[in-house]
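In what follows, a structure is listed as structure tokens, so that the remarks can point back to it.
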Amino acid sequence: MQIKRIGSVIGVKPEEIAEYERIHAQVWPGVLATLKRANISNYSIFRYQNMLFSYMEYTGTDYEADMALIASDPTTQDWWKVTAPMQNPVPEKLESEWWHVIPEAFHLA
């Protein structure tokens, strides 16, 4: 099985850090179920000051279709309505991104 490792970054508003971390301590079950259905595993979000770094592994065979599955999920859309106002996309993000995907520089298997 091929695993695609994905790292991405986004800013978090300083006044929203506590709330962002509070809600992520109990992510909605429907959001988690959709991520799993879309072949996402080992998903973590780390914070350094006002920056968030996410890491996830994708084990499916059609990444674009699975990302569309996540984006079309009503529960996930509602979750994003809560989390998006807390975030500041980085200037380098592409038009198609919210979180900016960054290249992998090193991996030890």
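Residues satisfying the side-chain hydrogen bond (donor to acceptor under 3.5 Å, both in side chains) test with S54, not counting sequence neighbours, are S8. Under the rule for a side-chain contact (heavy atoms from CB on, under 4.5 Å), Q77 has no partner lying at least two apart in sequence or in another chain. Not counting sequence neighbours, Y43 has no partner by the ring pair (Phe, Tyr, Trp, His ring centres under 6.0 Å) test. Partners of D62 by salt bridge (Lys or Arg N to Asp or Glu O under 4.0 Å), not counting sequence neighbours: none found. By the salt bridge (Lys or Arg N to Asp or Glu O under 4.0 Å) test, E19 pairs with R22, sequence neighbours left out. By the side-chain hydrogen bond (donor to acceptor under 3.5 Å, both in side chains) test, N42 pairs with E57, sequence neighbours left out.
A distance of 11.5 Å separates CD of E16 from CG of N50, quoted to the nearest 0.5 Å.
Surrounding CD of Q2 are at most 12 heavy atoms belonging to other residues, nucleotides or ligands under 6.0 Å away. Under a cut-off of 6.0 angstrom, the local environment of CD in Q26 is sparse, with at most 12 non-hydrogen atoms contributed by other residues, nucleotides or ligands.
Pairs engaging residues 89-109 under the ring-ring contact (aromatic ring centres under 6.0 Å, His included) rule: none recorded [sequence neighbours left out]. The stretch residues 93-109 participates, sequence neighbours left out, in these salt bridge (Lys or Arg N to Asp or Glu O under 4.0 Å) pairs: R5-E104. For residues 68-92, the ring-ring contact (aromatic ring centres under 6.0 Å, His included) pairs, not counting sequence neighbours, are H24-W79, W28-W79.
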Assess the residue pair I6 and Y58 against the criterion (side-chain contact (heavy atoms from CB on, under 4.5 Å)); give the C-alpha distance rounded to whole Å, side-chain angles, the decisive distance to 0.1 Å, and a yes or no. CA-CA 8 Å; I6 302 154; Y58 176 73; 4.2 Å; yes
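Membership of the apolar cluster around F46 extends to V9, M51, F53, Y55, V90, I102, as traced through chained side-chain contacts below 4.5 Å between ILVMFWY residues. Here L69 is tied to no hydrophobic group at all, with no ILVMFWY side chain closer than 4.5 Å.
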Considering only distance and modelled atom types, tabulate donor-acceptor pairs under 3.5 Å from the side chains of residues 30-41, sequence neighbours left out.
| unit_1 | atom_1 | unit_2 | atom_2 | d |
| --- | --- | --- | --- | --- |
| T34 | OG1 | G30 | O | 3.0 |
| T34 | OG1 | D73 | OD1 | 3.4 |
| T34 | OG1 | D73 | OD2 | 3.3 |
| N39 | ND2 | D66 | OD2 | 2.8 |

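Here the rule is side chain to side chain contact (heavy atoms under 4.5 Å, CB included) with I10, and of I45, T83, L52 only L52 fits it.
In this structure, the side chains of R47 and E21 come closer than 4.5 Å at one or more pairs of heavy atoms. Residues K13 and Y20 form no side-chain contact, since every pair of their non-hydrogen atoms from C-beta on lies 4.5 Å or further apart.
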